[in-house]
Enquirer: 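Below is a structure I'd like to ask you about.
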Amino acid sequence: MPHSVSLINTIAAGLGLALVFGFFAAKLRLPALVGYLLAGVIIGPFTPGFVADAEIAAQLAEIGVMLLMFGVGLHFSLDDLLAVRKIALPGALAQIAVATLLGGALALWWGWSWGEALVFGLALSVASTVVLLRALESLGILDSFTGRIAIGWLVVEDLAMVLVLVLMPPLASTLGGHGAQPGEVVAPLWQTLGLTLLQVGGFVALMLVVGRRVFPWILWQVTRTGSRELFTLCVVAAAVSIAFASAALFGVSFALGAFFAGMVMRESEFSHRAAQESLPLRDAFAVLFFVSVGMLFDPSVLIERPLQVLAVVGVIVLGKSIAACALVLVFRYPLGTALTVSASLAQIGEFSFILAGLGVSLGLLPVEGQSLVLAGALISIATNPLWFSLIAPMQKWLHAHSSFARGLESRDDPLAELPMTTEAKYLSRQVVLVGYGRVGRRIAAELEAHDIPYVVAEQNRELVEKLREAGIAAVWGDAADPAVLIQAHVARARVLVVATPDTMNVRQMIETARTLNPTIQTVIRSHNEQEAQLLMQESAVTVFLGEHELAQAMARDVVQRAVSMAMPASVA
């Protein structure tokens with residue numbers, strides 16, 4: 001077969017087998033990505049039969065990472081990123097340190113050198129962005145506060161790994177590796193670090209200052225042509241081109257570049273359409289990402305080093321998760337948030353492969369170390385959906401059997417209850433507003449305009465602090481926890497408004513509110529028509545569906561305009 005068709009071979013074999021094995025995985029009630037990974041193993045170089053081009057598959061997977069991160073950026077504003085900085089920044093750095101220590105200790109126990117242990121530990125410390133996003137999307141919590149914490153955590157990890165990748169070559173000889181090639185000039189460490197920080201800072205500043213004005217303007221100009229093909233092309237070209245340019249000019253990763261590209265493109269009024277237009281491509285290339293991961297895996301490592309593989313998986317799934325869970329709890333967030341973040345990080349992916357490959361080339365990681373990293377990645381990715389499915393049962397079991405877990409939800413916190421000085425108008429006949437995001441703020445503004453008292457229930461601690469400073473009655477916590485609604489005095493409220501996009505626990509909120517206040521009126525926000533119908537049938541609540549309400553508002557406006565224009569003619 002001519003080399004020129006290796007791209008077609010790879011795409012055809014990868015997508016075709018992914019469809020087949022993904023279908024059978026779904027039939028067996030397993031995550032479809034398990035089938036995608038298995039498809040990659042079958043067409044990889046370590047199994048008999050057809051072998052796809054691993055290099056091309058890796059490049060296609062990189063495009064998938066770009067498009068996926070671009071799509072996330074379209075839904076993730078700078079304010080969202082800053083809102084979680086107090087937990088994402090220290091939490092991610094501390095979790096990287098803990099995971100590196102655990103992985104490094106394991107490597108030292110096997111007799112590896114200090115440099116090899118450090119690189120191995122770092123490779124086990126960073127989670128896969130693609131796996132995380134697919135998991136959050138499948139659960140419907142990508143836009144929730146917990147989802148924003150997990151995404152912000154991953155952004156910090158990506159930035160840290162960019163620095164690690166830049167610093168590894170100049171430090172290789174110090175750590176016991178090959179170091180620079182003969183005749184190659186190596187800059188001082190402080191100069192390399194300073195240049196890297198300047199590059200990353202320059203990229204972020206350029207995207208936020210210039211990009212927020214230029215790229216939305218470009219998208220508007222393309223939209224004015226009326227060509228759907230050009231619009232889709234503009235979106236894809238922006239995602240891929242900006243990601244490539246950011247890596248080539250500023251040294252940041254493709255994923256990080258695409259994420260910031262999406263963030264600045266979000267300033268355009270067509271950001272929602274851009275997200276929809278790029279969705280099919282994102283899904284297709286995300287499948288190729290999992291196929292490419294499977295192609296890297298050598299099944300023989302499971303037979304030759306089973307105990308070592310098990311230990312690596314233990315560090316990734318247990319060590320990282322426990323550390324992340326503990327860190328989130330230390331920052332006084334609910335147990336449910338801690339369990340979700342820990343499940344999000346119970347896997348490794350693309351940056352781990354890059355670190356392991358660079359470590360082998362620099363003599364800082366044995367080849368067997370790279371095989372163990374790949375084995376750990378494959379197993380942790382395949383089992384990651386299982387940990388998400390266990391969050392709710394585990395939380396319920398802990399509440400039932402552990403006084404410590406119950407104490408975490410009810411621990412003394414000044415933000416978890418209204419101050420004693422709260423005015424009486426906020427304690428009776430008020431509106432309880434769950435969520436203070438983009439929708440919640442607009443509802444609150446209307447309530448204030450009509451002098452209707454309300455109490456906000458919000459999971460973001462920093463936001464609750466700001467609301468308290470502004471004189472707004474607010475309590476911190478997950479409204480799915482009855483204690484939060486009790487503190488918001490839902491028992492004497494007139495209306496419960498759930499303005500958060502996270503509708504997983506809405507039924508529990510409604511049940512709590514109705515138990516405490518049988519006459520309370522309930523208004524829910526939803527993005528899913530089927531979910532909206534079920535909520536209206538089961539709970540007898542008022543549900544506002546985004547597309548339905550938009551269509552009704554537009555129809556009313558059109559009718560008013562048509563009637564007003566027809567009136568002079570009828571009078572004449």
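Scope of the values below: all heavy atoms of this structure, side chains included, with no hydrogens, waters or symmetry mates. Sequential numbering from 1 along the given sequence is applied to the chain's residues.
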Enquirer: I need the minimum non-hydrogen distance between V523 and V495, along with the two atoms involved.
Expert: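 Minimum heavy-atom separation between V523 and V495: CG2-CG1, 4.2 Å.
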Enquirer: Looking only at non-hydrogen atoms, find the nearest pair between V98 and A323 and report the distance.
Expert: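 Shortest heavy-atom separation between V98 and A323 comes out as CG1-CB, 3.6 Å.
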Enquirer: Quick one: pull up CZ in R224 and CZ in F231 and give me the separation to the nearest 0.5 Å.
Expert: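 The CZ atom of F231 is 15.0 Å from CZ of R224, to the nearest 0.5 Å.
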Enquirer: Looking at S128, is its backbone amide N or carbonyl O close enough to the side chain of Q347 to form a donor-acceptor pair, meaning the two atoms are under 3.5 Å apart?
Expert: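 Answer holds: yes.
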Enquirer: Using the salt bridge (Lys or Arg N to Asp or Glu O under 4.0 Å) criterion, which residues pair with R442? Sequence neighbours excluded.
Expert: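 Per chain and number, R442 pairs via salt bridge (Lys or Arg N to Asp or Glu O under 4.0 Å) with no residue.
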Enquirer: Find the distance between CD (Q560) and CZ (R556) and round it off to the nearest 0.5 Å.
Expert: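 Between Q560 CD and R556 CZ, I get 8.0 Å after rounding to 0.5 Å.
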Enquirer: Can you give me the closest heavy-atom contact between A150 and S344, atom names plus distance?
Expert: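 For A150 and S344, the tightest heavy-atom pair comes out as CB-OG, 4.0 Å.
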Enquirer: Atom CG of residue position D451 - does it have more than 12 heavy atoms of other residues, nucleotides or ligands inside 6.0 Å?
Expert: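 Counting neighbours around CG of D451, 12 or fewer heavy atoms of other residues, nucleotides or ligands fall under 6.0 Å, so no.
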Enquirer: Mind listing the closest non-hydrogen atom pair of A513 and V490 along with its distance?
Expert: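 Heavy atoms only, the tightest pair is CB-CG2, 4.0 Å.
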Enquirer: If we count only N and O atoms by modelled type, under 3.5 Å, do the side chains of Q459 and Y333 hold a donor and an acceptor together?
Expert: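 There is no such pair (donor and acceptor under 3.5 Å, judged by atom type) between the side chains of Q459 and Y333.
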Enquirer: Write down the atom of E157, the atom of S125, and the distance for their closest heavy-atom approach.
Expert: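 Closest approach of E157 to S125: OE2-O, 3.6 Å.
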Enquirer: Between K320 (side chain only) and L345 (backbone N and O only), is there a donor and an acceptor less than 3.5 Å apart?
Expert: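 Yes, K320 side chain to L345 backbone: donor-acceptor pair under 3.5 Å.
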Enquirer: Could you check Q95 against W153 for side-chain contact (heavy atoms from CB on, under 4.5 Å), going step by step and ending with a plain yes or no?
Expert: CA-CA 10 Å; Q95 179 257 309; W153 199 298; 3.2 Å; yes
Enquirer: Please check if the side chain of R525 supplies one atom and the backbone of A499 the other of a donor-acceptor pair under 3.5 Å.
Expert: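 It does hold such a pair.
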Enquirer: Show, in sequence, the C-alpha distance, side-chain angles and deciding distance for V240 and F70, and conclude whether the side-chain contact (heavy atoms from CB on, under 4.5 Å) test is met.
Expert: CA-CA 9 Å; V240 177; F70 179 76; over 6 Å; no
Enquirer: Are V432 and I520 close enough that some pair of their side-chain heavy atoms sits under 4.5 Å apart?
Expert: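 With C-beta onward as the side chain, the pair stays apart.
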Enquirer: Measure the CD1-CD1 distance between I381 and I348 for me, rounded to the nearest 0.5 Å.
Expert: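 Those atoms lie 7.5 Å apart.
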Enquirer: Would you check if the side chain of E458 reaches a backbone N or O of N460 as a donor-acceptor pair within less than 3.5 Å?
Expert: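 Such a contact is found between E458 side chain and N460 backbone.
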Enquirer: Side-chain contact, heavy-atom cut-off 4.5 Å: C234 with I218?
Expert: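 In short, these two side chains touch, coming nearer than 4.5 Å.
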Enquirer: Mind checking the CE-CG spacing from M509 to D481? Nearest 0.5 Å is all I need.
Expert: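 With rounding to 0.5 Å, CE (M509) is 10.5 Å from CG (D481).
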Enquirer: Look only at the side chain of T225 and the backbone of Q221, and say whether a donor-acceptor pair between them is shorter than 3.5 Å.
Expert: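 Answer holds: no.
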Enquirer: Looking at CD1 of I524 and CD1 of I510, how far apart are the two atoms once the value is rounded to the nearest 0.5 Å?
Expert: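 I524 atom CD1 to I510 atom CD1 measures 4.0 Å (nearest 0.5 Å).
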Enquirer: Considering only heavy atoms from C-beta outward, does the side chain of V434 approach that of L496 to under 4.5 Å?
Expert: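 The answer is yes; the side chains approach within 4.5 Å.
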Enquirer: Do L339 and C325 have side-chain heavy atoms sitting under 4.5 Å apart?
Expert: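 In contact.
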Enquirer: Take I472 and Y436 through the side-chain contact (heavy atoms from CB on, under 4.5 Å) test and state the conclusion after the steps.
Expert: CA-CA 11 Å; I472 298 174; Y436 200 76; 4.1 Å; yes
Enquirer: Checking side chain to side chain contact (heavy atoms under 4.5 Å, CB included) against I151, which of V156, L136, V84 comes through?
Expert: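 It is L136; the other options fail the test.
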Enquirer: Of all heavy-atom pairs between V475 and R468, which one has the smallest distance, and what is that distance?
Expert: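 Minimum heavy-atom separation between V475 and R468: CA-NH2, 4.2 Å.
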Enquirer: Donor-acceptor check, side chain of Q430 to backbone of A488, threshold 3.5 angstrom: yes or no?
Expert: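 Yes, Q430 side chain to A488 backbone: donor-acceptor pair under 3.5 Å.
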Enquirer: Please tell me if the side chains of V455 and L427 come closer than 4.5 Å, counting only heavy atoms from C-beta onward.
Expert: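 No. Closest side-chain heavy atoms not under 4.5 Å.
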Enquirer: When rounded to the nearest 0.5 angstrom, what is the spacing between CG in L463 and CD in E465?
Expert: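 Output value for this atom pair is 9.5 Å.
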Enquirer: With heavy-atom distances below 4.5 Å as the criterion, would you say the side chains of V431 and V497 are in contact?
Expert: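 When only atoms from C-beta onward are counted, V497 and V431 do touch, with a gap below 4.5 Å.
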Enquirer: Would W387 and L390 count as a side-chain contact (heavy atoms from CB on, under 4.5 Å) here? Give the steps.
Expert: CA-CA 5 Å; W387 312 131; L390 292 176; 3.8 Å; yes
Enquirer: Is there a donor-acceptor pair closer than 3.5 Å between any side-chain N or O of Q508 and the backbone N or O of A480?
Expert: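 Such a contact is found between Q508 side chain and A480 backbone.
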Enquirer: Within a 6.0 Å radius of atom CD on E448, are there more than 12 heavy atoms belonging to other residues, nucleotides or ligands?
Expert: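 Result for CD/E448: enclosed.
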